[in-house]
Amino acid sequence: MPELPEVQTIVSALRDGGRGAPSISGKQIVSTKIAWQKTVAHPDLITFQEKITGEEIREIHRRGKFIWIKLRSAHLFIHLRMSGDLRVEPSTSPLQSHDRMWFEFSDGLRLVFNDARKFGRVWLVDDPNQIIGNLGPEPLDETLSPEQFHERLLTYRRQIKPLLLDQRFLAGVGNIYSDEALFLAQIHPRRLSHTLNQEESTRLLSAIRQVLEEGIQKNGASIDWVYRGGEFQNSFRVYQRTGEPCLNCGAPIERITVGQRGTHFCPKCQIFDCD
DNA sequence: AGGGAAACCCGAACGC
DNA sequence: TGCGTTCGGGTTTCCC
């Protein structure tokens with residue numbers, strides 16, 4: 001279930017060669033194979049393949065949940081959604097089940113996009129704003145002040161949890177991290193955004209940063225076997241702890257639905273005291 | 001404006 | 001044991 005921390009971990013590996021994987025910076029793409037057509041969020045596969053062949057990988061970044069690979073004259077974006085994964089290996093390695101797309105480099109290595117649930121997508125665009133133009137600020141960007149964050153909250157009249165999940169409001173927060181952050185900040189997931197005061201907003205921003213940094217430090221979360229990811233799932237405070245005691249007060253954690261999403265919270269610590 | 005539902009997927013977990 | 005059913009993750013799109 002890749003969200004921001006998982007993406008960040010993979011980006012670091014691709015860019016700096018973490019986790020034992022070689023960096024792919026500077027490599028030349030000699031061919032592209034597409035095993036599952038819908039992986040490419042692009043109307044024309046032929047154009048996609050022709051356009052990317054011969055391109056060189058310049059820089060690797062992250063914006064929100066998107067992996068952003070800058071090429072010589074285009075931008076490749078990859079969204080892993082829940083079950084996507086990337087690996088770098090020799091082109092002679094056997095392919096694995098659920099490998100959906102791979103890029104072969106001139107030096108004999110390849111980058112493979114594996115995605116059991118076929119949710120992930122890949123884009124090739126000229127203008128990065130086509131993909132990331134509407135994303136909200138990065139929560140880990142230090143220039144996002146608690147005051148600015150509070151102001152942004154006031155411009156909406158929405159339940160706080162769906163707002164946190166809205167990538168136009170804030171980029172990179174997914175279901176696990178919003179539950180964890182709201183618990184840390186002791187805010188009910190259905191609180192309306194414009195009712196949060198400055199102190200609560202500051203608490204919430206700090207909590208979001210804390211859980212994201214924890215996730216990154218532990219190489220991400222995974223609620224199931226699909227993603228070969230990290231250890232954060234062993235540190236959930238509320239997520240998937242329905243009925244288990246709250247770590248603050250011992251009350252049983254409840255699970256409700258908010259904005260169509262499974263939502264875990266402590267009914268005693270996160271009181272719905274709207275306005 | 002904001003909320004709800006449906007669609008996209010498939011493997012795990014559950015019920016019988 | 002072996003079926004069939006339900007669920008959930010992120011996002012978009014459509015409808016009220």
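Chain naming here is simple, since letters A, B, ... match the order of the sequence lines and numbering starts at 1 in each. On a predicted model such as this, the values are computed, not experimentally measured, just so you know.
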Quick one: is [N] close enough that its OP1 or OP2 comes under 4.0 Å of any side-chain N or O from [X]?
{"X": "Gln159(A)", "N": "dG2(B)", "answer": "no"}
{"X": "Tyr239(A)", "N": "dG9(C)", "answer": "yes"}
{"X": "Arg255(A)", "N": "dG8(C)", "answer": "yes"}
{"X": "Arg158(A)", "N": "dG3(B)", "answer": "yes"}
{"X": "His98(A)", "N": "dC9(B)", "answer": "no"}

Among the nucleotides [options], which one has an atom lying closest to any side-chain atom of [X]?
{"X": "Arg117(A)", "options": "dA5(B), dT11(C), dG9(C)", "value": "dG9(C)"}
{"X": "Leu192(A)", "options": "dC9(B), dG3(B), dT11(C)", "value": "dG3(B)"}
{"X": "Gln167(A)", "options": "dT11(C), dG9(C), dG3(B)", "value": "dT11(C)"}

#### Entry: Glu55(A) versus Ser73(A), side-chain donor and acceptor atoms under 3.5 Å
yes
### Task
Indicate whether the side chain of Thr202(A) and that of Gln198(A) have a donor and an acceptor atom separated by less than 3.5 Å.
yes
Quickly work out the [X] [atom1] to [N] [atom2] distance and round it to whole Å.
{"X": "Phe119(A)", "N": "dG8(C)", "atom1": "CZ", "atom2": "P", "result": "13 Å"}
{"X": "Leu80(A)", "N": "dC8(B)", "atom1": "CG", "atom2": "P", "result": "22 Å"}
{"X": "Asp115(A)", "N": "dG8(C)", "atom1": "CG", "atom2": "P", "result": "20 Å"}
{"X": "Asp179(A)", "N": "dG9(C)", "atom1": "CG", "atom2": "P", "result": "8 Å"}
{"X": "Gln240(A)", "N": "dA12(B)", "atom1": "CD", "atom2": "P", "result": "15 Å"}
{"X": "Arg168(A)", "N": "dT12(C)", "atom1": "CZ", "atom2": "C1'", "result": "10 Å"}
{"X": "Phe113(A)", "N": "dC9(B)", "atom1": "CZ", "atom2": "P", "result": "13 Å"}
{"X": "Gln260(A)", "N": "dG3(B)", "atom1": "CD", "atom2": "P", "result": "12 Å"}

### Query
Quick one: CD1 on Ile78(A) to CG on Leu111(A), what's the gap to the nearest 0.5 Å?
5.5 Å
### Side-chain touch Val112(A)/Arg87(A), heavy atoms, less than 4.5 angstrom
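They are in side-chain contact.
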### Query
Counting any heavy atom closer than 4.0 Å, what does Arg157(A) reach on the DNA or RNA strands: base, sugar-phosphate only, or nothing?
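Arg157(A): backbone/sugar contact only, no base atoms under 4.0 Å.
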### Message
Apply the hydrophobic cluster definition, ILVMFWY joined by side-chain contacts under 4.5 Å directly or through others, and give me every member besides Ile131(A).
### Response
Phe66(A), Trp68(A), Phe77(A), Trp123(A), Val125(A), Ile132(A), Leu135(A)
